[in-house]
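Working notes for the structure below.
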Amino acid sequence: MNRNKCSQCGLVNSNADQTCRRCATSLASEPVPEVFGEEAEPKRSLVRRLGWILGTTFILLFAWYLSLLASSDRLSYESQKTVEKAVSILKQNGFGKEAFVLSNLVTYRQNDNWWNKALGHHEAYAATNFPFEIVTLYPQFFEKTVDDNERAAILLHEACHLFGAGEDSALKQVWLDKQRLGWTATNYGPVSDAWNHTRQLTKNRFPQFFKCGLDEQSDCFE
């Protein structure tokens, strides 16, 4: 609704008024639309509320991330070099996206942070904290693996978690792609606990992968 607002004193007069009731200034000029501040206020309040929620969430996540780093130890120089060799193998074999994340976005630790300790785990070579992009590499990753190729396969598994994949998806991808790394039964089956353990886990969860060959018991991807 339009009303006559006095340009001199700001008083809002009725449409019938010709002069301002307060200062008698002529109101013959074009009426000034009345602005209702309460209509814009809810929108501004919603934006402020969303900003507050997003800001608070970011602060909490950052504090969580720092607590994970503070409660664990970084890798030694020698261990970091071992990781770099394994990542380079992934890159050379066509896993560029995974290699980039593992090289540039991941923070590596050598023992459990408080979150890993709270969750617990079985004998593992590595663990990933998503979405914080923290990868913990346990002593067996360095001591019980056969070579850098096998460590590359383990890092490929963790890279799946870094992209948000669950355990089944990570197992599946590594098993489907193991040929590209040469991580096969012929090369590792007789000598690698990690390979045999991964094979058993994959067979338990994806039995259809092991129904090929004349005996219908062979790996379909070798």
> So how far is it from Phe209 CZ to Ser218 OG, rounded to the nearest 0.5 Å?
Replying inline: 15.0 Å
> Do Glu158 and Thr128 get their side chains close enough for a donor-acceptor pair, meaning under 3.5 Å?
Replying inline: yes
> Under 3.5 Å, is there a donor-acceptor pair between the side chain of Ser71 and the main chain of Trp114?
Replying inline: yes
> Say you draw a straight line from CG of Leu162 to CD1 of Ile134; how long is it, rounded to the nearest 0.5 Å?
Replying inline: 10.5 Å
> Hey, is the main chain of Leu68 close enough, under 3.5 Å, to the side chain of Ser72 for a donor-acceptor pair?
Replying inline: yes
> Would Val146 and Asp193 satisfy side-chain contact (heavy atoms from CB on, under 4.5 Å), going step by step from the backbone distance to the final call?
Replying inline: CA-CA 9 Å; Val146 174; Asp193 290 338; over 6 Å; no
>> If I take atom OG1 from residue Thr136 and atom CZ from residue Phe141, how far apart are they, to the nearest 0.5 angstrom?
In response: 12.0 Å
> Are Trp183 and Asp177 side-chain neighbours, meaning at least one heavy-atom pair lies under 4.5 Å?
Replying inline: no
>> Whether the side chain of Asn129 engages the backbone of Trp115 through a donor-acceptor N/O pair (distance < 3.5 Å, no angle test) should be reported.
In response: no
>> Please evaluate residues Ile89 and Phe95 with respect to the criterion side-chain contact (heavy atoms from CB on, under 4.5 Å), reporting the C-alpha separation (whole Å), side-chain torsions for both, the decisive distance (0.1 Å), and the verdict.
In response: CA-CA 9 Å; Ile89 290 174; Phe95 299 99; over 6 Å; no
> Should we count CZ of Phe130 as having more than 12 external heavy atoms under 6.0 Å?
Replying inline: yes
>> Is it the case that the side chain of Asn113 and the backbone of Leu69 share a donor-acceptor pair, with hydrogens and angles ignored and the cut-off at 3.5 Å?
In response: no
> So do the side chains of Lys178 and Asp219 get within less than 4.5 Å of each other, counting heavy atoms only?
Replying inline: yes
> Will you find, in the side chains of Ser192 and Glu150, an N or O donor that is under 3.5 Å from an N or O acceptor?
Replying inline: yes
>> Ignoring hydrogens and geometry beyond distance, is a side-chain donor-acceptor pair present between Asn196 and Gln200 at under 3.5 Å?
In response: no
>> Could you tell me if the side chain of Tyr125 sits less than 4.5 Å from the side chain of Lys144, heavy atoms only?
In response: yes
>> If you count heavy atoms of other groups shown closer than 6.0 angstrom to CD of Gln208, is the number above 12?
In response: yes
> Where the side chain of Arg151 meets the backbone of Ala86, is there a donor-acceptor pair that is under 3.5 Å apart?
Replying inline: no
>> So Thr198 and Ile154, do their side chains get closer than 4.5 Å, heavy atoms only?
In response: no
> Do Phe142 and Leu75 have side chains that get closer than 4.5 Å, going by heavy atoms?
Replying inline: yes
> Would you say Gln80 and Arg74 make side-chain contact, with heavy atoms under 4.5 Å?
Replying inline: no
Solution key, residues 101-108 side-chain donor-acceptor pairs under 3.5 Å, sequence neighbours excluded:
{"from": "Ser103", "atom 1": "OG", "to": "Ala99", "atom 2": "O", "distance (Å)": "2.9"}
{"from": "Asn104", "atom 1": "ND2", "to": "Phe100", "atom 2": "O", "distance (Å)": "2.9"}
{"from": "Thr107", "atom 1": "OG1", "to": "Tyr65", "atom 2": "OH", "distance (Å)": "3.2"}
{"from": "Tyr108", "atom 1": "OH", "to": "Leu102", "atom 2": "O", "distance (Å)": "2.7"}

> With respect to the side-chain SG atoms, do Cys212 and Cys220 come within less than 2.5 Å?
Replying inline: yes
> Going by an N to O cut-off under 4.0 Å, is there a salt bridge joining Asp168 and Arg205?
Replying inline: yes
> Charged N to carboxylate O under 4.0 angstrom, Lys81 versus Glu84?
Replying inline: yes
> What residue pairs, at least two apart or across chains, pass ring pair (Phe, Tyr, Trp, His ring centres under 6.0 Å) with a residue in residues 146-178?
Replying inline: His157-His161, Trp175-Trp195, Trp175-Phe210
> So, Gln179 side chain and Glu222 main chain: donor-acceptor pair closer than 3.5 Å or not?
Replying inline: no
> Considering only heavy atoms from C-beta outward, does the side chain of Tyr188 approach that of Thr145 to under 4.5 Å?
Replying inline: no
>> Less than 4.5 Å apart, side chain to side chain, heavy atoms only: is that true for Thr82 and Glu78?
In response: no
